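Reviewing the structure listed below.
If you read the sequence from its start, that first residue is 1, and numbering goes on from there. As the structure is a computational prediction, the values presented were derived from the model and not from experiment.
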Amino acid sequence: MHSRLSAPLRRGAPLRRAQRRLAATSAVGPGRDGSSEGKAANGGYGLSSFLAVGTSGVLAGLAIGDTDGRYRRLQFPQGQLRACCDSPVSDAQRALPNELAAVVGAGHVKKNHTQKGSRIGQGTSLAHVSPGTLAEAVKVLEMCTKADVAIVPQGANTSLTGGSVPRNEQCDRPTIIVNLRRLSKILPIGDDGKQVLCFSGAGIFDLKDKMEKEYERDSHSVLGSIFLNPTVGAGVVYGSGGTQIRKGPVWTERALFLKVKDDGSVELVNTLGLRDGGDPIGFLDARAQLKTEDVDPKSTGSCSWPDYGGVVRAFNESTVSRFNADTTGLECCRSEGKVLILATMHDTYPIPKKSQLVWVACKDFADAHALKREVALKGADCMSKTCEYMNSEVYNGVDRAGRILVKMIELVGMQRLEPLWNLKLSIEMIPLPFTNIICDKFLYWFNNIIPHPLPQELRDFGRDYGHHVLMELGEYSDGEVDRLRGALDKFVAGKPPGDVKYQVLEGKAANRANLWRFVVAPAFRTYCVGVGLPGLSIDYAMPKNFKEYPTLPEKEFPIKSRWVYSHFGCNVYHEDLVFAEEVDVDAARYPMKHAIEDLGGKLPAEHGHGTEYKAPKEMQDRWKKTDPLNAMNPGVGGTSSYKKYSDQPCHCGQ
């Protein structure tokens, strides 16, 4: 799960209390003769009325200011450290934005650009630059390193842990955001499309759509956030997992990326295995398609995690399926911005001949785990495509704060949702009272006027059952769906009547059920803002043989609601915690994480360390070796934000 510090509010309705105070102060009672007491004889208003109105305005302003201040303090308790002194800007750095514009075009450089993270983080970059070709990307990085700026690679800015936006108060150098969204080329290889080369900025929804329509193949990565079209490159740098348990985390041994060496030069690393004539940049920039003969047959690097299905089916092992601090493979994998990825190659997968979506409702969590083991992960030739879990708190929370999101996705489509999401983030950055919560307030207020999207059978499940598993059964081998349905029927028959029920979904009902699961993360923020309670989001992987909810320090930090949802087949969890109003989220964050680690869990599992998690020493050492100057995404994973990982800013003490 992603470590997402959500949008919490400490008190339920301070705004309503302010409004009541305003109304009480503004009321002027009638005089004994029935006339308005403060009204002057000439039809104007006397001093008392004037003072009442003036006092009301002052009190209202104070109430609104106080309320907005409390909301903002509760909403974004980021705990950032300030640099010891202001960062100077050199002449070379001051000239850099215009020089970058000369390379990529003035329309693709935004100067002094402020951005907000998807969940946490906000900062202003010296420039936000978007190269349109691989050659431009190389030139941009060379210019940035020469000017001695901090460089933050960025895709769709959907990171949930703060790692894709500037961190001005922590860094000792101006920051350049290198946004790779324009590098969106998708090049299936050969006529069968069993492998595909993607430029770093290609969207995972665009990739999925292209491979399905043109090649009848399934792409390598399907995430809950796919409706925001995150980039392929971001999946590699985080090792994103996703919903499909046969595929594993995003991982490849075939990549083209840039790294900054200790002398400040930029090195191009190429393991793609293409017959590119020694010029992979020019070769790929010029190509609109790739043929089978463009691939060197001697290149044997894997384009996916080997036998991930076997990994998750070993569910009696005490190891985790996947986690962000795994250092296996190339240094670009799980690099979290310490390199600049240009292109990667990935396996694609057959689309099952037919599929069924099944919603299974269970009375207790033990039955849900047994269902996973006895049905979803039954065997290599009898294994579901997906196996997603959510508890009743998730169901009820989406019902109260996520219906409107399901409807929006249905109305505008996944491809058009990203601009609306970016607009929401822009509104939240406006320095006016309540702008940081107003969008979620409106979403919460209007949610219940949206008709319930789920069929009555699923609404009954939500009311009567505490645990829900959403499984997609796929016909990858002949008779596989029938075998899975047979295993499911046998499982249900072996339980007391009513303990486990299921519903097969088709068409619109199936699509809405999937969206119900996918909108949980944004719905959680909307819920916290709507009810005025603080919240914290964490993502973790539990050992594959762990079959309980982790015990959390609820005595010290009272929890009102635990939203638990999971890539269940992998035993990877996203947990959103709604705290009692008096809880300090900053104080609660690390005790919650340590409680999970004490049980053998690994945090984070798939959303990256960002600014929220301290990476283990092995991972930090790997990043330092890859990026010895700390030029790339400084401060990620608890590392120093300063040049060469110093303990003080490079311009102090000189």
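With hydrogens and angles ignored, the 3.5 Å screen pairs no side-chain donor or acceptor of Asp296 with any backbone N or O of Gly273. Glu475 places no side-chain N or O within 3.5 Å of a backbone atom of Pro352 that could act as its donor or acceptor partner. Here the side chain of Asp347 pairs no donor or acceptor atom with the backbone of Tyr349 at under 3.5 angstrom. Arg483 contributes a side-chain N or O that, together with a main-chain N or O of Asp381, makes up a donor-acceptor pair within less than 3.5 Å. Looking only at distances, no side-chain donor or acceptor of Thr348 sits under 3.5 Å from a matching main-chain atom of Ser219. Looking at Lys338, its side chain never comes within 3.5 Å of a backbone N or O of Glu331 through a donor-acceptor pair. Remark: the backbone N or O of His609 is paired with a side-chain donor or acceptor of Glu336 at under 3.5 angstrom. At least one donor-acceptor pair closer than 3.5 Å links the side chain of Lys185 to the backbone N or O of Leu284.
The existence of a salt bridge linking Lys385 and Glu472 is confirmed by a sub-4.0 Å separation between a basic side-chain nitrogen and an acidic carboxylate oxygen. Under the 4.0 Å criterion applied to side-chain N and carboxylate O atoms, Glu606 and Arg322 are assigned as salt-bridge partners. Here Arg246 pairs with Glu480 in a salt bridge; the nearest charged N to carboxylate O distance falls below 4.0 Å. Classification of Lys208 and Glu212 as a salt-bridged pair holds, one side-chain N sitting under 4.0 Å from a carboxylate O.
Considering every non-hydrogen atom in both Arg167 and Asn633, the closest pair reads NH2-OD1, 2.6 Å. Of all heavy-atom pairs between Ser640 and Ser646, the closest is OG-O, 2.6 Å.
In this pair, Trp305 and Trp251 present their aromatic rings perpendicular. The plane angle is above 60°, beyond the 30 to 60° band.
Screening Arg334, Arg622, Glu618 against Thr327 for a side-chain hydrogen bond (donor to acceptor under 3.5 Å, both in side chains) leaves a single residue, Glu618. Screening His113, Gln154, His108 for a side-chain hydrogen bond (donor to acceptor under 3.5 Å, both in side chains) involving Asn179 leaves a single residue, Gln154.
Val152 is not listed as a side-chain neighbour of Val165, based on a closest heavy-atom distance of 4.5 Å or more.
Glu214 is linked by a salt bridge (Lys or Arg N to Asp or Glu O under 4.0 Å) to Lys210, counting only residues two or more places apart in sequence or in another chain. Partners of Lys110 under the salt bridge (Lys or Arg N to Asp or Glu O under 4.0 Å) rule, at least two apart in sequence or in another chain, do not exist in this structure.
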Would Asp192 and Arg217 count as a salt bridge (charged side-chain N to carboxylate O under 4.0 Å, His left out) if you check the C-alpha gap in whole Å, the side-chain angles of each, and the deciding distance to 0.1 Å? CA-CA 9 Å; Asp192 57 12; Arg217 301 282 296 179; over 6 Å; no
